[in-house]
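Computed from a prediction, not measured in an experiment: that's the story for all the values here.
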Amino acid sequence: MHIAVTGNIGAGKTTLTTLLSKHYGWDAQFEDVDHNPYLEDFYADMSKWSFALQIYFLGSRFRQVKEIRESGKNIIQDRTIYEDAHIFAENLNDMNLLSTRDFNNYISVFDLMKNFVSAPDLLIYLKSDVPNLVKKIYKRGREYEASISIEYLSKLNQKYEKWISSYTEGKLLIIEVDDLDFVEKPEDFGFILEKIEAELNGLF
Ligand SMILES: Nc1ncnc2c1ncn2[C@@H]1O[C@H](COP(=O)(O)OP(=O)(O)O)[C@@H](O)[C@H]1O
Ligand SMILES: Nc1ncnc2c1ncn2[C@H]1C[C@H](O)[C@@H](COP(=O)(O)O)O1
């Protein structure tokens, strides 16, 4: 079984991935954030570092794809490789922070890799509005994320909505998280578990 949690920055992916992994006793795969050699520089100067960061995330995410294929274990994954290309890289190109020459170069590598990627059995999209994303990013308190603008988050949210509305690769569960507190309220986490189990009925 392979479940992936998707959503904008601060939506709660890492928190939910951790809770689900503990609840089901499954392996969790997290994003390469704390040891990422480009992320801090990227937020200081997006235009300068966007290509290097995209290539780094693509490689790191592809390593996870390979591990999922080879391990045969039940895995819950925090963010997918699709988001790097269809959300982040595309948006950076739209915002002129990644040149079209570099974007096309990136996409040609991504298109090759895509042939080795299997969609998750279930994709869980955590949908959140921008003010709530801002609150959660602030609560998390990574210093270098203080420069993230409302405009950047809004554009990413638009990309997410577009991508999710045309996602047909596998089962999809959309959870509106703004009125849920699955950190403090066990009943809210229970609500999410019920939804997941209804989607995966028969696969457990
Ligand atoms: N539903 C929620 N209710 C309350 N706080 C939340 C919720 N989801 C996430 N948080 C908090 O918001 C912050 C960002 O969450 P995180 O899981 O790191 O988001 P993501 O991985 O999507 O960027 C963390 O401090 C987390 O504890
Ligand atoms: N592909 C990416 N391009 C730019 N930034 C990215 C990409 N993937 C993740 N990020 C950033 C966004 C956050 O600052 C951190 C961690 O993501 P999060 O959504 O908070 O788990 O990395």
Side-chain angles (χ1 to χ4, degrees), residues 2-71 73-92 95 97-98 102 106 109-110 113 117 120 123-126 128 130 132-150 152-153 155-157 159-160 175 177 181-184 189 192:
H2 169 200
I3 295 183
V5 184
T6 180
N8 206 341
I9 307 168
K13 300 176 299 299
T14 305
T15 309
L16 186 63
T17 300
T18 307
L19 290 170
L20 290 175
S21 141
K22 281 193 189 139
H23 182 81
Y24 290 121
W26 291 354
D27 282 13
Q29 271 189 345
F30 295 102
E31 288 184 283
D32 198 347
V33 175
D34 292 341
H35 300 103
N36 187 309
Y38 295 109
L39 199 54
E40 195 168 347
D41 284 334
F42 167 74
Y43 281 118
D45 186 343
M46 287 188 165
S47 179
K48 180 170 177 189
W49 295 103
S50 59
F51 185 67
L53 179 73
Q54 291 316 310
I55 292 295
Y56 182 80
F57 266 123
L58 192 62
S60 141
R61 216 82 71 176
F62 193 68
R63 224 166 281 125
Q64 293 189 335
V65 165
K66 189 169 169 282
E67 208 179 298
I68 293 171
R69 282 176 80 100
E70 290 171 358
S71 76
K73 288 183 180 166
N74 289 324
I75 285 186
I76 169 108
Q77 184 190 18
D78 177 347
R79 187 166 272 141
T80 64
I81 197 167
Y82 305 121
E83 291 158 79
D84 294 308
H86 299 309
I87 311 288
F88 285 95
E90 238 185 71
N91 179 56
L92 287 166
M95 293 179 82
L97 295 165
L98 178 66
D102 286 347
Y106 170 91
V109 178
F110 171 75
M113 289 180 163
V117 178
L123 183 71
I124 304 173
Y125 171 46
L126 303 185
S128 181
V130 172
N132 280 296
L133 294 172
V134 172
K135 274 188 219 152
K136 288 189 220 149
I137 292 169
Y138 180 76
K139 179 179 170 193
R140 178 167 62 196
R142 283 185 200 133
E143 245 173 63
Y144 54 81
E145 289 183 340
S147 65
I148 295 178
S149 68
I150 304 274
Y152 185 64
L153 287 174
K155 285 183 185 294
L156 292 176
N157 248 6
K159 290 272 176 208
Y160 268 104
I175 299 180
V177 288
D181 185 343
F182 43 80
V183 179
E184 298 290 341
F189 181 55
I192 293 178

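- The aromatic rings of Tyr38 and Trp49 are tilted relative to each other, their planes meeting at an angle between 30° and 60°.
- Between Phe182 and Leu19 the shortest side-chain heavy-atom distance falls below 4.5 Å.
- When all heavy atoms of Arg79 and Ile9 are compared, the closest pair comes out as NH2-N, 4.0 Å.
- Annotation: Tyr138, atom OH; neighbour count of heavy atoms from other residues, nucleotides and ligands within 6.0 Å does not exceed 12.
- Between the side chains of Asp84 and Tyr106, not a single donor N or O lies within less than 3.5 Å of an accepting N or O.
- Leu126 and Lys13 make their closest contact through CD1-N, 3.7 Å (heavy atoms, listed as atom of the first residue, atom of the second, distance).
- Between Val5 and Asp78, every side-chain heavy-atom pair lies at or beyond the 4.5 Å cut-off.
- Among all heavy-atom pairs drawn from Leu92 and Ser50, the shortest one is CD1-CB, 3.9 Å.
- Looking at every heavy atom in both residues, Trp26 comes nearest to Ile76 through CB-CG2, 4.3 Å.
- Heavy-atom contacts from other residues, nucleotides or ligands closer than 6.0 Å to CZ of Arg63 number 12 or fewer.
- At a threshold of 4.5 Å between non-hydrogen side-chain atoms, the residues Lys136 and Val177 count as touching.
- Considering all non-hydrogen atoms of both residues, Ala4 and Thr80 come closest at CB-CG2, 3.6 Å.
- Relative ring orientation between Tyr152 and Phe88 is described as tilted, the plane-to-plane angle lying within the 30° to 60° band.
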